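Here is the structure we will look at.
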Number of protein chains: 2
Amino acid sequence: MKKPTLQDVAAAAGVSYATADRVLNARGGVAEKSEARVREAIRRLGYVRDIHAANLSRRRVYAFRFLLPAGDHGFFARLRAALLAERPRRAADRIEIAFQEVPAFDAEALADALEALAPEDCDGLAVVAAESPRVAQALARLRAQGVPVVALVADAGPEARDFYVGVDNLGAGRTAGRLIRLAHGGGRRGLVLPILGTPAARDHRDRLEGLRQVLAEGPEPLAALPALEARDDPARMKALAREALRADPAPTAVYSMGAGNRGLIEALREAAPERRPMVALHELTPHSRKALAENLIDVVIDQKPAREIAAALDALKALADGRAIPAGLGAITPALHLKDNTPAAPSAREASGDLFA
Amino acid sequence: MKKPTLQDVAAAAGVSYATADRVLNARGGVAEKSEARVREAIRRLGYVRDIHAANLSRRRVYAFRFLLPAGDHGFFARLRAALLAERPRRAADRIEIAFQEVPAFDAEALADALEALAPEDCDGLAVVAAESPRVAQALARLRAQGVPVVALVADAGPEARDFYVGVDNLGAGRTAGRLIRLAHGGGRRGLVLPILGTPAARDHRDRLEGLRQVLAEGPEPLAALPALEARDDPARMKALAREALRADPAPTAVYSMGAGNRGLIEALREAAPERRPMVALHELTPHSRKALAENLIDVVIDQKPAREIAAALDALKALADGRAIPAGLGAITPALHLKDNTPAAPSAREASGDLFA
DNA sequence: CATGAAATGATCGACGTCTATCATCTCGCA
DNA sequence: TGCGAGATGATAGACGTCGATCATTTCATG
């Protein structure tokens, strides 16, 4: 009734432990016939290698490396904090997390960093990728050298990595559009103001596209203004938003799909509270939390960085162990937060990622 | 640089391995002075017991038992499917999941089942609890016998369990209210129809209370009809909903906080599609997915049963190992699904929980 | 039939911990 | 001074696997 060991498998296959081991660990030098009998015994007994005993024996620690964009604020800071928070927990499972910052939004710098990586000190790599030929090539080299690669948040293209963990940004944009439509129920007319960082960013483009799709749907399309480009800069955002909110006709809804929302929130706070537009924006930060609490905005769409980190680690572990990755692990569903379903803020220590304070 | 072993601790403390082991495993018979030195060495070296080596040595497998309400449909079926899906995955981590059904909504039957449990074949218990004296007492006995108890979905009271995993139903109801307010933007007047299973259910009561709080808030309260009691029965639900939708004035929003939504959806499908009310309901099922896709409803609030199961297992493991439970593990934030952010449906095999098909 | 390569068996010492046993040492106290 | 209880040390054998080494068997080939 208890779990069979490799010894049991060997006995069942009528071979020695050594031969069963040769098959299991693909050491070669086994006759086809014997190999078949061992595999059959494994199947029949439902043998599963005891990964923990194996790791103990071979003194294995999983060295996983994360390449994350630098940045002390906003989403990447949360991603980094989530990673550092996982570090001590995963240590108990022999997972050692190496963490390296690379310049944000810079495919060349990312490629440099990837090219500098040696496969021997890395059992798995998670990277906020970019769709660039050099990045793809650097990843191809690493994978050829046996390093599993997980793309995180931003994909490198289906061919360039083993697994992708991230949200569906088109779906996020469509969901924002859907919420905006909901807020224009009862046949109310509206004018939607989209704000993005830059159309050069793939995720922003996807969100905008999703928004437009839904606004254009159905018998009563909603009108949209041209998208503002705030370049993820709070000051610029504030100036643009202030002006746009004063325009006539005023927008009835605002969807900000990039960063720098602090500026937008300041502009909203200064504007007349009555008849403020419906506002949806991205990422749960101290500022957006506060804005929700103060009824300055309505919805925050969040990428759940902590979940993305956890999923990436689980995927890397599965890849390193040669196991199947559970279905749906990489498809992170963006969370919608309104005023009353916002999880408690992480403590200051966790948020800063400083676990040694 | 590598992780210290108990051998290292013993050497650093100037005692033998045997004494260090006596301290670590509280076997007694150690002088206070020695014990202090061992503890100090543990602290200084940052020693952490290698749980996997320890489990290997003592042939430990975690026997966790789940008591879930019976029922082939709806939420509990999803909870059960999620549990069975975790079973093979957790087996690799020496976690053995025993699973037992108890009659739903029956505190006495639950207490019977709990009283029948023997602590020796159970290293941890997760249970969809109820706030009843007998249940509390049965749980108290088990905990006194060293069995950690996690309440799942429905709490047993803060004193009666070690940990609670579940959603904040008041917050869920408030969020539904918030969405309904959002759908009545621009000063539109409205009439909200709440539907629950039974006011006897704590979660339904909490959701209703949350809804009412938010509807009553602010300078422009929204009116609500008396709550209908559908008793989680689709047929009854359909009849009640059909009648309510035809009333004059018709409701502008419907919030169904219980089960049996199939009936509500059928009633909506039969009603005039133009000017249908805004609809929010609970639990992502095949029916609610379909209704989202067909634009019959607007929002589905989901408890994320798979996440609740995973959190319960993680909590049980941490309790069994005497580790701290990560912050925020038990507080499941309910998910809001609109038409475009609904995760892919689990395959038929997964949904049925039948993994051997 | 001898030869050599390929296949197989047997076994050892790790890995870090647990459980157990037995021998030895250190005291206070009679 | 000697006794006994309590504290400590030393060590063995497991847990299931890995990575070796070395000896033995099998078998096609010349």
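Each chain gets a letter, A, B and so on, in the order its sequence line appears, and its residues count up from 1. From a predicted model like this one, the values you see are computed outputs, not experimental measurements.
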With a 4.0 Å cut-off on heavy atoms, is A:A54 in touch with a base, just the backbone sugar-phosphate, or nothing at all? sugar-phosphate
May I ask you to verify if any side-chain N or O of A:T5 is less than 4.0 angstrom from the OP1 or OP2 atom of D:dC15? no
Between A:A315 and A:L329, what is the shortest heavy-atom contact and its length? N-CD2, 3.8 Å
When B:A53 and B:D21 are each assigned the nearest nucleotide of DNA chain C, the 5'-most assignment goes to B:A53
Salt bridge check, A:R134 against A:D112: does any charged N sit closer than 4.0 Å to a carboxylate O? yes
Check the phosphate of D:dG16 against A:R49, side-chain N and O only, distance under 4.0 Å to OP1 or OP2. Yes or no? no
Over all heavy atoms of both residues, which pair between B:P148 and B:D162 is shortest? Give the atoms and the distance, please. CA-OD2, 3.3 Å
Per B:V30 side chain, nearest of listed nucleotides C:dT17, D:dG16, D:dT8: D:dT8
Without decimals, in angstroms, what is the distance between A:L6 CG and D:dG19 P? 13 Å
Does D:dA20 have its OP1 or OP2 closer than 4.0 Å to a side-chain nitrogen or oxygen of A:Y17? no
Which listed nucleotide (C:dC18, D:dC15, D:dG19) is nearest to the side chain of B:L56? D:dC15
OP1 or OP2 of C:dG9 less than 4.0 angstrom from a side-chain nitrogen or oxygen of A:T19, does that happen here? yes
When you measure from the side-chain N and O atoms of B:S57 to the phosphate of C:dT17, is any distance below 4.0 Å, counting only OP1 and OP2? no
Remember a base hit wins even if backbone is also touched, and classify A:A31 as base, sugar-phosphate or nothing at under 4.0 Å, heavy atoms. sugar-phosphate
May I have the distance from B:Q7 (atom CD) to D:dA10 (atom C1'), rounded to whole angstrom? 11 Å
To the nearest Å, how far apart are B:R60 CZ and D:dG16 P? 16 Å
In whole Å, what is the span from the NE2 atom of B:H52 to the P atom of C:dC18? 13 Å
Can you identify which nucleotide, out of C:dC18, D:dC18, D:dC15, has its nearest atom closest to the A:L24 side chain? D:dC18
Starting at CZ of A:R58 and ending at P of D:dA20, how long is that distance when rounded to a whole Å? 11 Å
Taking only the side-chain heavy atoms of A:R27 (C-beta and beyond), determine which of C:dT11, D:dG19, C:dG16 contains the nearest atom. D:dG19
Would B:R39 and B:E35 pass as an ion pair if we require N to O under 4.0 Å? yes
Is the shortest side-chain N/O distance from B:N25 to OP1 or OP2 of C:dT17 below 4.0 Å? no
Closest to the A:R59 side chain, choosing from C:dC15, D:dG16, C:dC18: C:dC15
Could you tell me if B:D321 and B:Y62 have a donor-acceptor pair between their side chains, going purely by distance under 3.5 Å? yes
Output the rounded distance in Å from CD (A:E35) to C1' (C:dG9). 17 Å
A:R65 vs A:D123, test: salt bridge (Lys or Arg N to Asp or Glu O under 4.0 Å). Steps then yes/no. CA-CA 8 Å; A:R65 180 170 288 267; A:D123 300 322; over 6 Å; no
Is there a donor and acceptor pair closer than 3.5 Å between the side chain of A:R22 and the base of C:dG9? yes
Atom-pair distance (CG on A:D8; P on D:dC15), nearest Å: 11 Å
Over how many whole Å does the gap from A:I51 atom CD1 to D:dC18 atom P extend? 8 Å
